Amino acid sequence: MRRVSSQQDAEEFRLSLRMEANRRSRRLAQGMELGVKSLSNHLLGCLAITALLLDPSNLWGSESPSIFDPATPQATSIRSLFWLVILITGVIFVGVEGLLAFFLYEYSRKKSDPNAEPAQVYGSIPIEVAWTAVPTLIVFVIVMIVVRIEYEVKADAETIPANSIPLRIRVVGHQWWWEYNYFEYDGKPLSMTTANELVIPVGEEGVARPIMLTLESADVCHSYWVPRLSGKTDLIPGRVNELWFETKLAGDYVGQCAEYCGTQHANMLLHVRAVSPDEFEKWLSDQASPAADDPAVAEGKKVFLSETCVNCHTVQGTPAKGRVGPDLTHLMSRHTIAAGMISNTPENLRDWIHDPQDIKPGCLMPAFRLESSKMDLLVKYLGSLK
Ligand SMILES: [Cu+2]
């Protein structure tokens, strides 16, 4: 700080202080203006998101991941629970904030009597008891309702509708894709494996077709969450969890791994296609057949079998029996590859095999920068795996 020696210096010093103060208050005002602007932008953003959540059909069409648009009794129970909890907490919110506003107004210092002291009260047993007991009671009621809903959505023999044709599937979570082993439908054993796109039959009037999933993990914890079909269930290494749902609505349902599981967690998408029972049975018999063996792509098959692909991928009916990556036996029946990241086109397959790390950095498939002629043959072969 400057030392003030004379009258004139003192005057200058005061002036500079005043200028500094002016500058500061201007900056403060500008800052506040910016703050208000970004706050109002935030508010607008929040309102827009809320509007979309309340009416998700605008944004996602039939592929909505919204819990507000349930397609199964399970998801409907969960939505009802959500609204109930919002209602209870909403009433509490309005009550508490209302009382706060009332007390602020009613007991603020009065102009007519600025020196009045409020009554000095030291505790009140009835009030203490009330605000301990009432919240406890509210939490208790919510817990009871949650437990009830848990029973409603839980997979167990009593909750499965009578006269039903269950489809049993083992789901294995991998970093960063989903494996589906179909092992029983309508009481008959199946043994077929696919990846990332789950195809299920819809139930009909009088015939329920419950989808019974057992959930396991090949590596770390994942979580299975297709919001329109069911709640989240974790896939935990060394444990088998269960999940079930049934829907009467055909359509595409989307979801997402809901437990952080490593770098490509966000690209571990879930896709469920619910189709009519006839269509499902057709799909099932296509999937159960061995891989197409088209002589026109024999050269490409040779490339496939000579590379290390076979250590990680299975193609039924060939020596390729790897289980590290998705089963490729009926690769062409899937609309997307890499767990929903890119569509299943010859160009994308080519780019994927050339360098998966470029598309899905960190994923567990190495790059194969094959020469162009070999790549053509390989992609043609994969294209024959209908
Ligand atoms: Cu995951």
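Remember, it's a predicted structure, so these values are computed and weren't measured experimentally.
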Distance, nearest 0.5 Å, that separates [atom1] of [X] from [atom2] of [Y]:
X: Ser80; Y: Glu152; atom1: OG; atom2: CD; answer: 8.5 Å
X: Leu81; Y: Thr76; atom1: CG; atom2: OG1; answer: 12.5 Å
X: Ile160; Y: Trp244; atom1: CD1; atom2: CH2; answer: 4.5 Å
X: Ser230; Y: Ile211; atom1: OG; atom2: CD1; answer: 11.5 Å
X: Arg228; Y: Asp69; atom1: CZ; atom2: CG; answer: 4.0 Å
X: Asn348; Y: Ile342; atom1: CG; atom2: CD1; answer: 4.5 Å

Counting only N and O atoms by type, is there a donor-acceptor contact under 3.5 Å from the side chain of [X] to the main-chain atoms of [Y]?
X: Gln357; Y: Cys363; answer: yes
X: His354; Y: Leu370; answer: no
X: His271; Y: Asp252; answer: no
X: Gln264; Y: Pro361; answer: yes
X: Thr247; Y: Leu249; answer: yes
X: Asn163; Y: Val207; answer: no
X: Ser164; Y: Ala208; answer: no
X: Asn241; Y: Leu215; answer: no
X: Glu97; Y: Gly95; answer: no
X: Lys110; Y: Ser108; answer: yes

Is any side-chain N of the basic residue among [X] and [Y] closer than 4.0 Å to the acidic one's carboxylate O?
X: Lys188; Y: Glu184; value: no
X: Arg323; Y: Glu179; value: yes
X: Glu216; Y: Arg170; value: yes
X: Lys301; Y: Asp293; value: yes

Exercise. Hey, mind stepping through His335 and Arg273 against side-chain contact (heavy atoms from CB on, under 4.5 Å) and telling me if it holds?
Worked result: CA-CA 11 Å; His335 297 100; Arg273 200 145 37 96; 3.4 Å; yes
Minimum-distance pair of heavy atoms, taken over all atoms of [X] and [Y]:
X: Met268; Y: Trp176; value: CG-C, 3.6 Å
X: Trp225; Y: Gly231; value: CD1-C, 3.7 Å
X: Ala75; Y: Pro227; value: CB-O, 3.8 Å
X: Pro201; Y: Leu167; value: CD-CD2, 3.6 Å
X: His265; Y: Cys257; value: CE1-O, 3.0 Å
X: Val315; Y: Ala291; value: CG1-CB, 3.5 Å

hydrophobic_cluster_shared for [Y] and [X], side chain cutoff 4.5 Å:
X: Leu229; Y: Ile165; answer: yes
X: Ile337; Y: Leu270; answer: no
X: Phe245; Y: Tyr185; answer: yes
X: Val141; Y: Val96; answer: yes
X: Val220; Y: Tyr260; answer: no

So do [Y] and [X] actually touch side chain to side chain, heavy atoms under 4.5 Å?
X: Ser77; Y: Arg148; result: no
X: Glu204; Y: Arg209; result: yes
X: Leu349; Y: Leu331; result: yes
X: Val275; Y: Trp283; result: no
X: Leu328; Y: Thr314; result: no
X: Met341; Y: Ile359; result: yes
X: Ile142; Y: Val85; result: yes
X: Asp286; Y: Ser333; result: no

For the residue pair [X] and [Y], confirm or rule out a side-chain donor-acceptor distance under 3.5 Å.
X: Asp327; Y: Thr329; result: yes
X: Asp234; Y: Ser223; result: yes
X: Glu197; Y: Thr336; result: yes
X: Thr193; Y: Asn181; result: yes

Would you say [X] has more than 12 foreign heavy atoms packed within less than 6.0 Å of its [atom1]?
X: Lys248; atom1: NZ; value: yes
X: Leu104; atom1: CG; value: yes
X: Glu205; atom1: CD; value: no
X: Lys321; atom1: NZ; value: yes

Problem set entry | Aromatic ring proximity Trp352/Phe368, centre distance under 6.0 Å |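 No, too far apart.
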Problem set entry | side-chain contact (heavy atoms from CB on, under 4.5 Å) between Thr194 and Trp178, intermediate numbers included | CA-CA 9 Å; Thr194 181; Trp178 304 95; over 6 Å; no
Problem set entry | Derivation and outcome, side-chain contact (heavy atoms from CB on, under 4.5 Å), residues Ile200 and Val272 | CA-CA 7 Å; Ile200 58 169; Val272 179; 3.7 Å; yes
Exercise. Who pairs with His174 by ring-ring contact (aromatic ring centres under 6.0 Å, His included), at least two apart in sequence or on another chain?
Worked result: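 Listed in chain order: Trp177.
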For this session: Output all residues satisfying ring-ring contact (aromatic ring centres under 6.0 Å, His included) with Phe103, sequence neighbours left out; order by chain, then residue number.
Result: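 In terms of ring-ring contact (aromatic ring centres under 6.0 Å, His included), with neighbours along the sequence ignored, Phe103 is linked to Tyr107.
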Exercise. Taking only residues two or more places apart in sequence, or in another chain, which ones meet Arg109 in a salt bridge (charged side-chain N to carboxylate O under 4.0 Å, His left out)?
Worked result: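 Arg109: no salt bridge (charged side-chain N to carboxylate O under 4.0 Å, His left out) contacts found.
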In a table with atom names and distances, give each donor-acceptor pair under 3.5 Å that connects a side chain of residues 373-383 to protein atoms at least two apart or in another chain.
from, atom 1, to, atom 2, distance (Å)
Asp376, OD1, Arg350, NH1, 2.4
Asp376, OD1, Arg350, NH2, 3.3

Exercise. Excluding sequence neighbours, so at least two apart, what forms side chain to side chain donor-acceptor pair (under 3.5 Å) with Tyr224?
Worked result: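 Scan of Tyr224 (side chain to side chain donor-acceptor pair (under 3.5 Å), adjacent residues dropped) gives Tyr180.
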Problem set entry | Other ILVMFWY residues reachable from Val202 by side-chain steps of under 4.5 Å |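 Its cluster mates, by chain and number: none.
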